[in-house]
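Notes follow once the structure below has been shown.
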4 protein chains.
Amino acid sequence: MEVSKDKQETLLKTALRLFVERGFYGTPTSLISKEAGVATGTLFFYFKTKEDLIDTLYRQVKAEAAEAMCRGLDNEPDAKAKLLLLGRNAVAWGTEHHEKMKFMEFFAHSPFVSTTAQKEGMSRFLFMQDLIEEGIREGTIRDIDTGLLIFMMASSFSGLIARVAAAGSESERETIIGQGLDFVWNGLAADNDKEQNNSKRSKGKT
Amino acid sequence: MEVSKDKQETLLKTALRLFVERGFYGTPTSLISKEAGVATGTLFFYFKTKEDLIDTLYRQVKAEAAEAMCRGLDNEPDAKAKLLLLGRNAVAWGTEHHEKMKFMEFFAHSPFVSTTAQKEGMSRFLFMQDLIEEGIREGTIRDIDTGLLIFMMASSFSGLIARVAAAGSESERETIIGQGLDFVWNGLAADNDKEQNNSKRSKGKT
Amino acid sequence: MEVSKDKQETLLKTALRLFVERGFYGTPTSLISKEAGVATGTLFFYFKTKEDLIDTLYRQVKAEAAEAMCRGLDNEPDAKAKLLLLGRNAVAWGTEHHEKMKFMEFFAHSPFVSTTAQKEGMSRFLFMQDLIEEGIREGTIRDIDTGLLIFMMASSFSGLIARVAAAGSESERETIIGQGLDFVWNGLAADNDKEQNNSKRSKGKT
Amino acid sequence: MEVSKDKQETLLKTALRLFVERGFYGTPTSLISKEAGVATGTLFFYFKTKEDLIDTLYRQVKAEAAEAMCRGLDNEPDAKAKLLLLGRNAVAWGTEHHEKMKFMEFFAHSPFVSTTAQKEGMSRFLFMQDLIEEGIREGTIRDIDTGLLIFMMASSFSGLIARVAAAGSESERETIIGQGLDFVWNGLAADNDKEQNNSKRSKGKT
DNA sequence: TATGAATGAGGCTTCATTCAT
DNA sequence: TATGAATGAAGCCTCATTCAT
């Protein structure tokens, strides 16, 4: 029942919500059309098949997420600063765009999304690898298997976002983000670079 | 096409594989029956509905996983030792029972599994919370939001298992496990308890 | 195999025939579709469920029957004339629309038809009660339990229709109708109002 | 869950109840077995098929009904007395054996019961025809189409039983029976044989 | 561009019946 | 006689997709 000058956009927005709420197979195209306020046939004018719809959605969301997460990274001086900003970006975007976050997690490894879209999606997050490698060169990140570090970092962020989403107040949220980033950095950091606190308001603490 | 004296068991085993390969809605009950080598009606003799089947499966797998992960924990002296053993148990079980691991991750938050089964599954992992709290009392684990620590720990293990599963050789695997456990422990540990290496072969290192 | 501009109408007509021939459960929706010359899905486009189909049919037939039976009643001078016309209407409609008649009898008390449809159907025959009460006020119908009179009248008409339907010639039919209406009227009439013959061709008799 | 030394008898009794409550197709054989307290296979030991079960039941009930209805008829002096007794027998049996009555009505013209069983059932009611013919010979019953008279009589009894079953008190019941039998007799009787009241307690009235 | 009636393959589930024990 | 696990045909219904308008 949305009103929008662009029906395609409305369809994508509606599909995102429904896919997250009910899953891929749990969401009939007829329902998407109805909730988007268009006829059943219209969906198939814009998207060849249902899979084409989710594929398009996946690419779009993944691109938006990557864009949001690496925003401002180039202005940071070193790997640690970059990583902390990346973390904050990730948490901010993940909590603000809850549906898109869930959508990405749901369909990251699902067979509904085409392999090419999966690959395209992954490629947008290669900057994470660059960041890790930069830290290793700097000597601030442990010189161990980079694949492991990326996996651990990504999954930790994912856990952090989930926890933050469940937080009650804004201040609790801030505390948890700081603690979570500590966790990640301490996991990544070379010996002499560990610290205990990266939360904003506690800067200067021992 | 399996041969087993117990048809119910065969159905569960077959369903596990297919659900992981193809998802819940992507797996027709007729396919499960066929691959299990029984008639279509037989599935519904043992399980009232398709949801009953996945529910039973979920409870079973979750119970098995919990049992495997907390094995031997009581013999360890302190929280750190327990956590490291837990990590090794988790990685061992997760890589050995790859399908079951994926199954748990897939259906942990999915609407196909009944809420009661979800709760029952979660309850089996409460020992993780106990472990964290024990460490905090000991002073070896940081005294911060336990919910966060549990989320971070669990998601980190999940990332670690994924990376280990992709490893080539047995020795590479061992190295990565040690490094991954370092990551987790350094994330959890209080300041004075951090170390750099928990991999088996490096015991005795500083 | 019917040809009609309206598929919904064709489905209803086909379903009526098949339900009478084979009963509700004896008639697969697939057969209705096939005989109606439409795809299986089309039936469910027009009717949400099989029960919705029979429900719609029931309402429609019941309404048509009631309408046919009370046709012209208001032009008759007294209860007796009305009742005889009602009887002739009933027999005429019942023999002409044999299938619809059987359908009504079959499904009047069956659980396939929703309670609301049953009630709606019944409400259309309340004019019978009015008629009986009018006769009682006039003094031409025995002043006894009206519920009984309605039941007896209705079941007698039903028996009459069945007998007439089995009749061979048109003239035999006419004779039987007259005799049957005598039966009913003599059953209903107050003492001084009985007569022996209400058949058309005997008009003018005492 | 009945206990009976004869399982076949228990199955028949259970099936009668369930068929009336839920119809033929609405009653799975598995339910009959369960409610009768026997295994699924046992039903098929006693009855070759489900249709064989209902067929047996139909014959049995029909025979019992006919036997009950013509009881004592031979001791009555004339057709009218016989008919009134028949009516009372019918009402008595029909209200006392409500389930069996409904069963007979439900399955009288249904395709579940074999044609031979239908015929056998009908043949047991031929005494009605004899009774009508006797009355015609006597001159007490109108000399018109006997088929019509039988149909009208039978359907009237059916209506009467339905009304009596809905009656509240025993005395109301008695009144209605008397009035109903009046209706029937007045419908059947030759001119000079009509009367107004056949209810027991009003004998001797004008 | 947009519509929505129409399609028909395919999914889940039921249930009469069999048969080894 | 009696059991109940096992069978598989068949039923109701959903839904992605098409196409005439």
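Excluded from the calculations below are hydrogen atoms, water molecules and symmetry mates; all remaining heavy atoms, backbone and side chain alike, are included. No experiment lies behind these values; they were computed from the predicted model shown.
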Could you write out DNA chain E as dot-bracket? Rules: Watson-Crick or G-U wobble, both distances under 3.5 Å, brackets [ ] for crossings, | for pairs with another strand, dot for unpaired.
.||||||||||||||||||||
Per the side chain to side chain contact (heavy atoms under 4.5 Å, CB included) rule, which among A:T29, A:D52, A:L53 passes with A:F44?
A:T29
Let me know the distance between CZ of C:F44 and C1' of E:dG8, rounded to the nearest Å.
13 Å
Would you please confirm or rule out a distance under 4.0 Å between OP1 or OP2 of E:dG8 and any side-chain N or O of C:K34?
no
side-chain contact (heavy atoms from CB on, under 4.5 Å), that's the test. Do D:E120 and D:Y58 meet it? Break it down for me.
CA-CA 10 Å; D:E120 185 190 313; D:Y58 187 79; over 6 Å; no
Closest to the 5' end of DNA chain E, once C:T40 and B:T27 are matched to their nearest nucleotides, is C:T40
I would like to know whether D:F47 and D:L12 meet side-chain contact (heavy atoms from CB on, under 4.5 Å); could you show each step before the answer?
CA-CA 10 Å; D:F47 306 97; D:L12 283 166; 3.8 Å; yes
Using whole Å, what does the distance between atom P of nucleotide F:dG8 and atom CD1 of B:I32 come to?
18 Å
Can you tell me how far P of E:dT14 sits from OH of D:Y25, to the nearest Å?
18 Å
Decide yes or no, distance alone: a donor-acceptor N/O pair under 3.5 angstrom between the base of E:dG11 and the side-chain of B:S30.
no
Below 3.5 Å, does any donor atom in the side chain of D:T49 face an acceptor in the base of E:dA16, or the other way round?
no
With the side chain of B:V38 defined as its heavy atoms from C-beta on, choose the nearest nucleotide among E:dT13, F:dT7, E:dA16.
F:dT7
Is B:S33 touching bases, backbone alone, or none of the nucleic acid, heavy atoms closer than 4.0 Å?
nothing
Any C:T29 side-chain nitrogen or oxygen under 4.0 Å from OP1 or OP2 of F:dC12:
yes
Atom-pair distance (CG on B:L18; P on E:dG11), nearest Å:
13 Å
Counting N and O atoms only, with roles assigned by atom type, does the side chain of D:D55 sit under 3.5 Å from a partner on the main chain of D:S114, one being a donor and the other an acceptor?
yes
So, is the end of the A:K50 side chain (NZ or CZ) under 6.0 Å from the ring centre of A:F24 and within 45° of the ring's axis?
yes
To the nearest Å, how far apart are D:L43 CG and E:dC19 C1'?
16 Å
What's the CZ-P distance between B:F45 and E:dT18, to the nearest Å?
18 Å
Contacts of A:K100 that satisfy salt bridge (charged side-chain N to carboxylate O under 4.0 Å, His left out) - sequence neighbours left out
A:E64
What is the distance, to the nearest angstrom, from the OH atom on D:Y46 to the C1' atom on E:dT17?
18 Å
Quickly work out the C:F47 CZ to F:dC12 C1' distance and round it to whole Å.
16 Å
Check the phosphate of F:dT7 against B:T42, side-chain N and O only, distance under 4.0 Å to OP1 or OP2. Yes or no?
yes
Between D:F103 and D:I54, does a side-chain contact (heavy atoms from CB on, under 4.5 Å) hold up when you go through it step by step?
CA-CA 10 Å; D:F103 179 81; D:I54 200 175; 3.9 Å; yes
Most 5' of B:A39 and C:P28 on DNA chain F, judged by nearest nucleotide
B:A39
Which of these, B:F106, B:F112, B:F107, B:Y25, sits in a side chain to side chain contact (heavy atoms under 4.5 Å, CB included) with B:F19?
B:F107
So if I take every side-chain heavy atom of A:K7 and compare against F:dA16, F:dA2, E:dA2, which nucleotide ends up nearest?
E:dA2
